[in-house]
Amino acid sequence: MSAMTAAVRAELTKIVSLPAVWIATGVIVGLHLLLSAVNVDLTADAVHKITPAGTIEIFAGDPRPAHRALVGFLVASSFQMAVFLPVVGAIIAGQEFRADQLGRSLLAVPRRGRLVAAKALAAAVHLLATSVVIAAISAVFMYIAVKDWDPGLPVSAGAWLGQAKFAAFAVLTGLLGLAVTMIARGALAGVGVTVALTAATMTQALTAVSPALDALLPVSAGRNLLLDPAGDDLTAGPWHAVAVLVAWPLAATLTAAILLARRDAR
């Protein structure tokens, strides 16, 4: 077994032994179950009213081609949960700065760059597993809503592609929460930064100034990657969104590794 593999396994063991991680993950999954259950009857009712021309009004007064709209709604239902996953990343990283855990970790993995990389890979595994559960819940409830019209829609090519994009967004933004927490050396600061970035998108504060600036925010990049440009007011294209989503956690993780190498482990 290589040193890197051993380090990743050790970090995965830490994650699965942290009650706070499972509580946060459980709350996110439970909230998604609740919202999906609330919306399924409304979606099914909209499906029953699909016109002979093949249009649907998921939202009143907004007719769209049914298949495309429903796939978009499926992906959007998963996407709304992904904005909470940076909190999980922050909790995973935050445990290192409690009870001298970081010092013990460095005794096991003295190379700090390797330690940061192992943490990121282990966190990515947990975040990916969580995003798969969220995507599966979305697909199940969408199947319930469309089974009498198009039961194959939740596993269509468009749905798979959209859900894959959601999983990538979930992992990358979760890793951003992890890296920011390692930079700030505390989970609260990591959560605060990610909440602020999300709020900047939700309030459209930068859109009013410059759509190009808004497109540089991670949650805005998620919208630009996942949502339908035909029906949503987006600020950049998908490739721009991918570049932004990769750049944020990559830059933050490299910064965390550099700072960890220069600061005392305390």
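Among residue pairs with one or both ends in residues 44-55, those qualifying as side chain to side chain donor-acceptor pair (under 3.5 Å) are D45-K49, T51-T55; sequence neighbours excluded.
The hydrophobic clustering, which links ILVMFWY residues whose side-chain heavy atoms are closer than 4.5 Å, places L250 and L259 apart. Both I134 and L35 belong to a single network of hydrophobic side chains, linked directly or stepwise wherever heavy atoms of I, L, V, M, F, W or Y lie under 4.5 Å apart. Hydrophobic clustering of Ile, Leu, Val, Met, Phe, Trp and Tyr side chains at less than 4.5 Å, counting indirect connections, keeps M81 apart from I137. Linking Ile, Leu, Val, Met, Phe, Trp and Tyr whenever their side-chain heavy atoms come within less than 4.5 Å leaves V27 and V191 in two separate clusters. Under the 4.5 Å side-chain heavy-atom criterion for ILVMFWY residues, no single connected hydrophobic cluster contains both V140 and F166.
Of the possible donor and acceptor atoms, one in the side chain of S131 sits under 3.5 Å from a partner among the backbone N and O of L128. Checking side-chain atoms of E57 against main-chain N and O of P63 turns up no donor-acceptor pair under 3.5 Å. In this structure, T194 contributes its side chain and G190 its backbone to a donor-acceptor pair below 3.5 Å. T25 contributes a side-chain N or O that, together with a main-chain N or O of V21, makes up a donor-acceptor pair within less than 3.5 Å. Panel note: side chain W160, backbone V155; a donor-acceptor pair is recorded below 3.5 Å.
Looking only at side-chain heavy atoms (C-beta outward), F141 and L33 come within less than 4.5 Å of each other. Annotation: side chain of L172 is not in contact with side chain of W248 (no heavy-atom distance under 4.5 Å). Proximity of L216 to H240: side-chain heavy atoms (C-beta onward) are separated by under 4.5 Å at one or more points. Put simply, the side chain of T130 does not reach to within 4.5 Å of the side chain of V88, judged on heavy atoms. With contacts defined as side-chain heavy-atom distances shorter than 4.5 Å, the pair F169/T173 qualifies. Between F79 and K165 the shortest side-chain heavy-atom distance does not fall below 4.5 Å. Looking only at side-chain heavy atoms (C-beta outward), L153 and M142 come within less than 4.5 Å of each other. Inter-residue side-chain proximity for I92 and H126 is flagged as met; some heavy-atom pair is nearer than 4.5 Å.
Summarising the local packing, CG of L254 is surrounded by more than 12 heavy atoms from other residues, nucleotides or ligands at distances under 6.0 Å. For W22, the CH2 atom sits in a loose shell: 12 or fewer heavy atoms of surrounding residues, nucleotides or ligands are nearer than 6.0 Å.
Of the inter-residue distances, the one linking I91 atom CD1 with L188 atom CG reads 11.0 Å to the nearest 0.5 angstrom. Annotation: the span from F73 atom CZ to L42 atom CG amounts to 8.0 Å, rounded to 0.5 Å. Between the CG atom in L225 and the OG atom in S220 there is a gap of 12.5 Å [rounded to 0.5 Å].
Of all heavy-atom pairs spanning I56 and A46, the tightest one is CG1-O, 3.5 Å. Nearest heavy-atom pair across A159 and V71 is N-CG1, 3.9 Å. Residues R64 and A69 approach most closely at CB-CB, 3.9 Å, considering heavy atoms.
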**OP:** Apply side-chain contact (heavy atoms from CB on, under 4.5 Å) to the pair L178 and T253, showing each step before the final yes or no.
**Re:** CA-CA 8 Å; L178 177 123; T253 301; 5.6 Å; no
Original post:
Is there a side-chain contact (heavy atoms from CB on, under 4.5 Å) between V193 and L176 once you walk through the steps?
Top reply: CA-CA 10 Å; V193 169; L176 176 60; over 6 Å; no
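Judged purely by distance below 3.5 Å, without hydrogens or angles, the side chains of N39 and S77 never pair a donor atom with an acceptor atom. A donor atom on one side chain and an acceptor atom on the other are found under 3.5 Å apart for S138 and H32.
Among the candidates N224, V83, L197, L245, the single residue satisfying the side-chain contact (heavy atoms from CB on, under 4.5 Å) test with V219 is V83. The residue from L70, L74, I50 that alone fulfils the side-chain contact (heavy atoms from CB on, under 4.5 Å) condition with V146 is L70.
For L175, the side-chain contact (heavy atoms from CB on, under 4.5 Å) partners at least two apart in sequence or on another chain are A120, A123, A124, L127, V171, P249.
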